[in-house]
**Student:** 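Mind having a look at this structure? Questions to follow.
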Amino acid sequence: MLQKGKTLRTAHSKGNAASVSSSALESGNAAFHALKLVLASLEESKAEDVVSIDITGKSALGDHMVVSSGRSSRHVTAICDHLLRELKSAGFGSAKVEGLSHGDWVLIDAGDIIVHVFRPEVREFYNIEKMWMAPEVEEDTVH
């Protein structure tokens, strides 16, 4: 249960793919297994600056959002192709994909896990992890 006024750290940087947020560890559900698979696949594909954000309770879109970068459009599409194969072979079915043909920003909707893979310039422009990692605003402070 989230407590208002308490800052929660839900992100990790590249190289810590084995570590996930504490709420994911506690849940022990399919989302946790999917998250581990996604993080392992991204690390294996040498995705850069991988950030995992726990959005449980913040959005109906999913439980976790993973943001990462590839070095080029070709690297972005290769990362995503590898991840899609891994998800399908692990029994998570065919994920919904947007942007794979251009390789600038690819969105993979794997149900409980939403994965964004960017070229570095595009990631810096949109900076979506900053929006999702913003601390919750207390209801008393909203006008």
Side-chain angles (χ1 to χ4, degrees), residues 1-139 142:
M1 183 75 188
L2 295 175
Q3 296 179 346
K4 291 183 178 176
K6 183 177 180 180
T7 302
L8 300 175
R9 181 126 177 99
T10 58
H12 65 87
S13 59
K14 182 182 175 191
N16 295 329
S19 65
V20 295
S21 68
S22 59
S23 65
L25 287 172
E26 294 167 1
S27 65
N29 56 20
F32 169 68
H33 296 296
L35 179 61
K36 280 183 65 175
L37 182 129
V38 166
L39 295 174
S41 176
L42 292 174
E43 187 168 330
E44 194 174 303
S45 299
K46 302 193 184 319
E48 299 177 346
D49 301 322
V50 178
V51 175
S52 173
I53 304 167
D54 186 351
I55 59 171
T56 306
K58 292 181 180 176
S59 173
L61 297 174
D63 291 340
H64 300 277
M65 179 177 294
V66 178
V67 182
S68 65
S69 299
R71 293 182 302 274
S72 64
S73 295
R74 188 175 218 162
H75 188 212
V76 168
T77 55
I79 290 168
C80 295
D81 282 339
H82 183 258
L83 177 58
L84 291 168
R85 281 194 308 270
E86 292 283 322
L87 286 168
K88 192 167 187 172
S89 69
F92 289 102
S94 297
K96 296 175 184 165
V97 183
E98 295 288 335
L100 190 59
S101 60
H102 296 291
D104 289 334
W105 175 4
V106 180
L107 169 68
I108 299 174
D109 183 353
D112 294 329
I113 312 296
I114 300 166
V115 183
H116 298 270
V117 184
F118 292 94
R119 277 190 313 109
E121 303 84 10
V122 178
R123 182 177 181 173
E124 185 177 331
F125 179 79
Y126 289 105
N127 201 8
I128 64 167
E129 62 261 47
K130 183 179 178 183
M131 178 178 71
W132 285 98
M133 291 175 66
E136 291 186 28
V137 178
E138 303 242 356
E139 288 182 26
V142 178

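Throughout, numbering of the chain's residues begins at 1 and tracks the sequence. Side chains are part of it too, since the values below use all heavy atoms of this structure and drop only hydrogens, waters and symmetry mates. All of these numbers come straight from a predicted model, not from anything done at the bench.
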**Student:** Side chain of Thr77, backbone of Arg74: donor and acceptor closer than 3.5 Å?
**Tutor:** yes
**Student:** State, to 0.1 Å, how close His75 and Arg71 come at their nearest heavy-atom pair, and which atoms those are.
**Tutor:** ND1-N, 2.9 Å
**Student:** When rounded to the nearest 0.5 angstrom, what is the spacing between CD1 in Ile114 and NE2 in His64?
**Tutor:** 11.0 Å
**Student:** Is any side-chain heavy atom of Ser73 closer than 4.5 Å to a side-chain heavy atom of His102?
**Tutor:** no
**Student:** Is there a donor-acceptor contact under 3.5 Å from the side chain of Thr56 to the main chain of Asp63?
**Tutor:** yes
**Student:** Are side-chain heavy atoms of Phe92 and Ile113 found at a separation under 4.5 Å?
**Tutor:** no
**Student:** Side-chain contact test, heavy atoms from C-beta onward, threshold under 4.5 Å: evaluate it for Arg85 versus Asp81 and give yes or no.
**Tutor:**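 Side chain of Arg85 against side chain of Asp81, heavy atoms only: contact under 4.5 Å found.
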**Student:** Over all heavy atoms of both residues, which pair between Leu100 and Val106 is shortest? Give the atoms and the distance, please.
**Tutor:**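 Where Leu100 meets Val106 most closely, the heavy atoms are CA-CG2, 3.9 Å.
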**Student:** Please round to the nearest 0.5 Å and tell me the distance separating atom OH of Tyr126 and atom CH2 of Trp105.
**Tutor:** 6.0 Å
**Student:** Would you say Asp104 and Val76 make side-chain contact, with heavy atoms under 4.5 Å?
**Tutor:** no
**Student:** If you compare all heavy atoms of Ser52 against all heavy atoms of Leu39, which two are closest, and at what distance to 0.1 Å?
**Tutor:**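 Distance-wise, the nearest heavy atoms are CB-CD2, 4.4 Å.
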**Student:** Looking only at heavy atoms, which two atoms of Ser41 and His82 are closest? And how far apart?
**Tutor:**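 Reported closest heavy-atom pair: OG-ND1, 2.9 Å.
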**Student:** If you count the non-hydrogen atoms of other residues, nucleotides and ligands that lie under 6.0 Å from CD in Glu124, is the total more than 12?
**Tutor:** no
**Student:** May I ask you to test the Ser45-Leu83 pair for a side-chain heavy-atom distance under 4.5 Å?
**Tutor:**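 No, side chains not in contact.
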**Student:** Are any non-hydrogen side-chain atoms of Asp109 and Leu61 less than 4.5 angstrom apart?
**Tutor:**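 No, every pair of side-chain atoms sits at 4.5 Å or beyond.
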**Student:** Closest heavy-atom contact between Ile53 and Glu129?
**Tutor:**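 In terms of heavy atoms, the two residues are closest at CD1-CB, 3.7 Å.
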**Student:** Please tell me if the side chains of Arg123 and His116 come closer than 4.5 Å, counting only heavy atoms from C-beta onward.
**Tutor:** no
**Student:** Using every non-hydrogen atom in the two residues, find where Ala95 and Ala110 come nearest and quote the distance to one decimal.
**Tutor:** CB-CA, 4.0 Å
**Student:** What I'd like to find out is whether the side chain of Ser94 reaches to under 4.5 Å of the side chain of Lys88, using heavy atoms alone.
**Tutor:**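 A side-chain contact exists here, since the closest heavy-atom pair is under 4.5 Å.
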